Amino acid sequence: MKYPDFMPDPNTLTPEEYADLTAELGPDELNVLDGDVLLEGLVQSRRERAQQAAFEFARVDQFRRHREDCTAGRTDTSGLFGRALRAELAAALCIPEIAAEALLVRSRTLIDDLPETLWRLGVGRFSERHATIIADLTAGLTPEQVRQFEEQVLEYAETLTVGLFKRKAEQIKELVQAADMEQRHTEARSNREVWVEPGGNGMGWLTAYLPNVQIVAIDNRLTAAARSLQGDGEERTMRQLRADAFADILTDPGAIIPADESEDEAGAGAGSTGGLRIPTMHRGIRAEVSLIVPALSVMGQTNTPGMLEGGIPIDAETARELAGNATGFTRILTHPETGIVLSFGKDRYEVPTALKRYLRYRDQTCRFIGCTRKAKFCDIDHTIPWAGAGETTHQNLAHLCRSHHQVKDAGWAVTQAQDGSGTVTWTSPLGRKYSTEAVHPIGGKAAPPAPPSTSAGSGGAKAQTEWLDDPPPF
């Protein structure tokens, strides 16, 4: 790392020179200098770890090939050689045999099927966990699908945190397999079930394996119920309120379920009182699902998958079925720019409902680097304060969770692109810049993120999310 003349590398200075530098720069400049040196050291350490992981994958596969060559020509109908190989690796590395088996499979996949992924890991462009996700998700793909999957997913491995990358990679895999998505969904749906796992302290887990459409609907409904219970004197957290609402709905036949957003916006409808729906014979969770689907898929002319809120792909037939049911669903069948008022200038501070909906679809999560908190749990922030020069427009609004809302007061600066792409750029107190891309940019697909820079003081532009690869929905 090369420093300007006025910022020499403190690691090369004698104590006397360091003392002179302290007097010359002053404490504020020196703190920035030391902080950037330390941060760059951490980045280099992570890069070296990734390089070591790539070396280990290659060595494991080399070991496998050697042992297979030594047993070539022998008959093994019981799989004894494979079991012996797995056991020997597990014993040498002091890991469980199931972990050894996974390591053998991943190493073979990276060497034989994903050479570009292994090379990028070897030069430290992303972490071992990123490479592991890519290798594991190739299971069940044809060689051509593996090629397509790797080509598309590597664009994001260098710019997304592990959690966000895993979600994106899973979405890409679904889209690569789109041709048989409906058949795979039908087969998987036959395995739906609910099971109980007892826990300690009188607690336990109730887990359901259901279609994503129902999972998203249940999740949204629980959030709506929990929000309706918030108010003065309510000490339960949102997580506790969601859990209590879940239990009440399933166990209390007299529970009153709060109205959903569509009812609140339309006013008290039939069977509702003060925002609460009177119990009816149809008990349980009332679904509200946000669906984005290309118009040609709705008309049956193509089988392009639809997207549930959160970037969850669903097959075209399910998307058509949902789009045909107006009640309980928010349908987006036109480009948002043609049907939504996107700017109210200085006329009003409050963000109207239609614009809130678009911003939620655009952002999906908090727009701070790597934050995965869902947009529906975040505040809509004016990037440039409305009390100053800021306006109530999509180009000046973005979702921020409470925690990252506060970092703006802790030395972080934030700007938003004015081209309609929704790109938000953060500048840290050390002067490093990081960018997060919108999930559904208003102007179409955002430009692919640039590879991260390793230059001092910049940190590189790092995209958080840019989820959709298909054309904008119509």
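The structure displayed is predicted, hence computed values, not measured ones. Numbers here simply count residues along the sequence, with the first being 1. Only this structure's heavy atoms are used, side chains among them; waters, hydrogens and symmetry mates stay out.
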Between [Y] and [X], is there a side-chain donor-acceptor contact under 3.5 Å, judged purely by atom types and distance?
{"X": "Asn396", "Y": "His382", "value": "no"}
{"X": "Thr365", "Y": "His399", "value": "no"}
{"X": "Arg47", "Y": "Gln44", "value": "yes"}
{"X": "Gln152", "Y": "Gln148", "value": "no"}

Test: [X] and [Y] ion pair at under 4.0 Å:
{"X": "Asp112", "Y": "Arg65", "answer": "yes"}
{"X": "Asp219", "Y": "Arg242", "answer": "yes"}
{"X": "Glu174", "Y": "Arg184", "answer": "yes"}
{"X": "Arg167", "Y": "Glu170", "answer": "no"}

### Query
Heavy-atom distance under 4.5 Å between the side chains of Thr436 and Thr423, does that happen here?
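When only atoms from C-beta onward are counted, Thr423 and Thr436 do not touch, as no gap falls below 4.5 Å.
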### Task
Just jot down the side-chain contact (heavy atoms from CB on, under 4.5 Å) partners of Phe63, sequence neighbours excluded, or say none.
Arg67, Leu85, Glu88, Leu89
### Task
Identify, with sequence neighbours excluded, every residue that meets salt bridge (charged side-chain N to carboxylate O under 4.0 Å, His left out) alongside Glu56.
none
Kindly check if the number of other-residue, nucleotide or ligand heavy atoms within 6.0 Å of [atom1] ([X]) is above 12?
{"X": "Phe377", "atom1": "CZ", "result": "yes"}
{"X": "Arg46", "atom1": "CZ", "result": "no"}
{"X": "Arg402", "atom1": "CZ", "result": "no"}

### Message
Exactly one of Glu68, His66, Gln62 should register a side chain to side chain donor-acceptor pair (under 3.5 Å) with Arg64. Which one does?
### Response
Glu68
### Message
If you take the centroid of each ring, where Trp contributes its six-membered ring, are Phe368 and Trp412 closer together than 6.0 Å?
### Response
yes
### Stepwise side chain to side chain contact (heavy atoms under 4.5 Å, CB included) check, Leu103 with Phe57
CA-CA 8 Å; Leu103 181 57; Phe57 281 127; 3.7 Å; yes
